[in-house]
There are 2 protein chains.
Amino acid sequence: MAHKHDHSQAIKAVCEQLPSDELLCDLGDLFKLFGDTTRIKILYSLFESELCVCAIAELLKMEQSAISHQLKILKDAKLVGCRRSGRTNVYFLADDHVRSIIYQGFEHLTEDEEKQ
Amino acid sequence: MAHKHDHSQAIKAVCEQLPSDELLCDLGDLFKLFGDTTRIKILYSLFESELCVCAIAELLKMEQSAISHQLKILKDAKLVGCRRSGRTNVYFLADDHVRSIIYQGFEHLTEDEEKQ
DNA sequence: CTATCATATGAATAAAGATTCATATGTGAG
DNA sequence: CTCACATATGAATCTTTATTCATATGATAG
């Protein structure tokens, strides 16, 4: 064994409660999507209304290409959906979970500030 | 202007709803903490009971050093707390928000699976 | 005190990821 | 058909970040 004091009981107990490795990885991957400023801003922008790519780029003052790349990631993960309208592509939130996840994070931050 | 069709109205409206840049960055940074498999596993392990470093390392079959580094990140972000007990350091969840944030992500994933 | 266990930490390496640039695709106007 | 606009995408670059290794710190038992 690598260590001297025994916690096999504790480990065993926790181990039984722990979700599968695969689910835990998926969970990490999900939060990773929210763990980038640009993507958070994109998602937040879509809270109220759907938007086309160049509107988002203009709003965030970023290059269209950067936005497109991030939108692709969000779309692949099915956090946003996409619809053609004329020659623009309109993106929208695909899921209300996006709202609630961001909302939880928001709550955490704002409550922290109150404590200070 | 960089583009031709006009969405200044939409941009203006969204812009007013958007939280400050600083808050959005903080939000990204918060989710970044959850966006790593090791950290998610650590947090999840602490759901039921507090644990010392080497118990977590053994549980996750990872090196003590790697766990320590991640625990530092989580502690600096105040997602976990730490208490000395003899010569071991015992870590615990610092905040119920951690549970609810992870829970929301969990919900999203499991509902997705139902749809398939 | 000293030896040993538990943990922390700095530096180095490796891997992942975001942005940019150049260019391709796709669509509608004329 | 052709042009211009909107978007997508591949490759390259730059940054960030996770892990490992070596070692430092800190605490208790004897």
Side-chain angles (χ1 to χ4, degrees), chain A residues 1-8 10-11 24-25 28-43 46 50-77 80-92, chain B residues 1-8 10-11 24-25 28-43 46 50-77 80-92:
Chain A
M1 274 197 257
H3 56 284
K4 301 304 162 68
H5 82 272
D6 186 48
H7 22 50
S8 51
I11 291 173
L24 289 167
C25 283
D29 288 342
L30 175 64
F31 285 118
K32 206 169 287 179
L33 296 166
F34 295 88
D36 173 79
T37 307
T38 301
R39 284 194 296 267
I40 277 280
K41 285 178 180 174
I42 291 175
L43 291 171
L46 299 176
E50 50 181 37
L51 291 169
C52 71
V53 180
C54 70
I56 300 175
E58 190 178 347
L59 177 65
L60 305 187
K61 299 184 182 72
M62 290 181 62
E63 295 216 359
Q64 168 268 320
S65 177
I67 301 298
S68 265
H69 278 294
Q70 295 306 330
L71 279 170
K72 177 170 170 47
I73 291 172
L74 293 172
K75 202 178 83 176
D76 288 350
V80 304
C82 175
R83 175 173 63 76
R84 265 222 172 257
S85 163
R87 47 186 167 185
T88 73
N89 271 1
V90 178
Y91 285 84
F92 48 88
Chain B
M1 272 199 260
H3 56 284
K4 302 302 161 70
H5 80 274
D6 187 45
H7 20 52
S8 50
I11 290 174
L24 288 167
C25 284
D29 288 343
L30 175 64
F31 285 119
K32 206 169 287 177
L33 296 167
F34 295 88
D36 172 79
T37 308
T38 302
R39 284 194 295 268
I40 276 281
K41 285 179 181 174
I42 291 174
L43 292 171
L46 298 176
E50 50 182 35
L51 291 168
C52 69
V53 179
C54 71
I56 299 175
E58 189 178 348
L59 177 65
L60 304 187
K61 299 184 183 71
M62 291 181 64
E63 295 213 2
Q64 168 267 319
S65 177
I67 301 298
S68 264
H69 278 295
Q70 296 305 331
L71 279 170
K72 177 171 170 46
I73 292 172
L74 293 172
K75 202 178 83 177
D76 288 350
V80 304
C82 176
R83 172 172 65 74
R84 266 221 170 256
S85 162
R87 47 185 168 186
T88 73
N89 272 1
V90 178
Y91 284 83
F92 48 88

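We name chains A, B, ... by the order of the sequence lines, and we start the count at 1 in each one.
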Check: Of A/Gly35 and B/Asn89, whose nearest nucleotide on DNA chain C comes first from the 5' end?
Finding: B/Asn89

Margin query: List the residues meeting side chain to side chain contact (heavy atoms under 4.5 Å, CB included) with A/Ser8, not counting sequence neighbours, and say none if there are none.
Written below: A/Asp6

Under 3.5 Å, side-chain donor or acceptor atoms of residues 62-70 of chain B against the rest of the protein: list the pairs with distances, not counting sequence neighbours.
residue, atom, partner, partner atom, Å
B/Gln64, NE2, B/Ser68, OG, 3.2
B/Gln70, OE1, B/Arg39, NH1, 2.7

Check: Mind checking what makes side chain to side chain contact (heavy atoms under 4.5 Å, CB included) contact with B/Lys75, not counting sequence neighbours?
Finding: B/Val80, B/Cys82, B/Tyr91

Next item on the list: Nearest whole angstrom, please: distance from the P of C/dT7 to the CD of B/Glu58.
Entry: 11 Å

Next item on the list: For A/Cys52 and A/Thr88, work out which heavy atoms get closest and say how close.
Entry: CB-CB, 4.1 Å

Margin query: So, using side chain to side chain contact (heavy atoms under 4.5 Å, CB included) as the criterion, who are the partners of A/Arg83 when residues are at least two apart?
Written below: A/Glu50, A/Ser85, A/Val90, A/Phe92

Notebook entry, point to check: Can you check the A/Ile73 CD1 to D/dA8 C1' distance for me, whole Å?
Noted result: 13 Å

Checklist line | Atom pair distance, as rounded to whole Å: CG in B/Asp36 and P in D/dT17 | finding: 11 Å

Next item on the list: Take atom NE2 of A/His7 and atom C1' of C/dA6, then tell me their distance rounded to the nearest Å.
Entry: 9 Å

Notebook entry, point to check: Among residues 62-70 of chain B, which contact DNA chain D at a heavy-atom distance under 4.0 Å?
Noted result: B/Met62, B/Glu63, B/Ser65, B/Ala66, B/His69, B/Gln70

Checklist line | Distance below 4.0 Å between B/Tyr91 side-chain N/O and C/dA6 OP1 or OP2 | finding: no

Next item on the list: For A/Leu33 and A/Ala77, work out which heavy atoms get closest and say how close.
Entry: CD1-CB, 3.3 Å

Notebook entry, point to check: Between B/Arg84 (CZ) and C/dT7 (P), how many Å, whole number?
Noted result: 8 Å

Checklist line | Residue whose nearest DNA chain C nucleotide is more 5′ - B/Lys72 or A/Arg39 | finding: B/Lys72

Item checked: Atom-to-atom span, CG of A/Leu60 to P of C/dA18 - whole angstrom -> 15 Å

Notebook entry, point to check: CG of B/Leu71 versus P of D/dA18: gap in Å, rounded?
Noted result: 13 Å

Check: Nearest-Å distance, CG (B/Leu74) to C1' (C/dT7)?
Finding: 16 Å

Item checked: Phosphate OP1/OP2 of D/dT19 contacted by B/Thr38 side-chain N/O (<4.0 Å) -> yes

Next item on the list: Locate the shortest heavy-atom distance separating A/Thr37 from B/Cys25; write the atom from each residue and the value.
Entry: CG2-SG, 3.6 Å

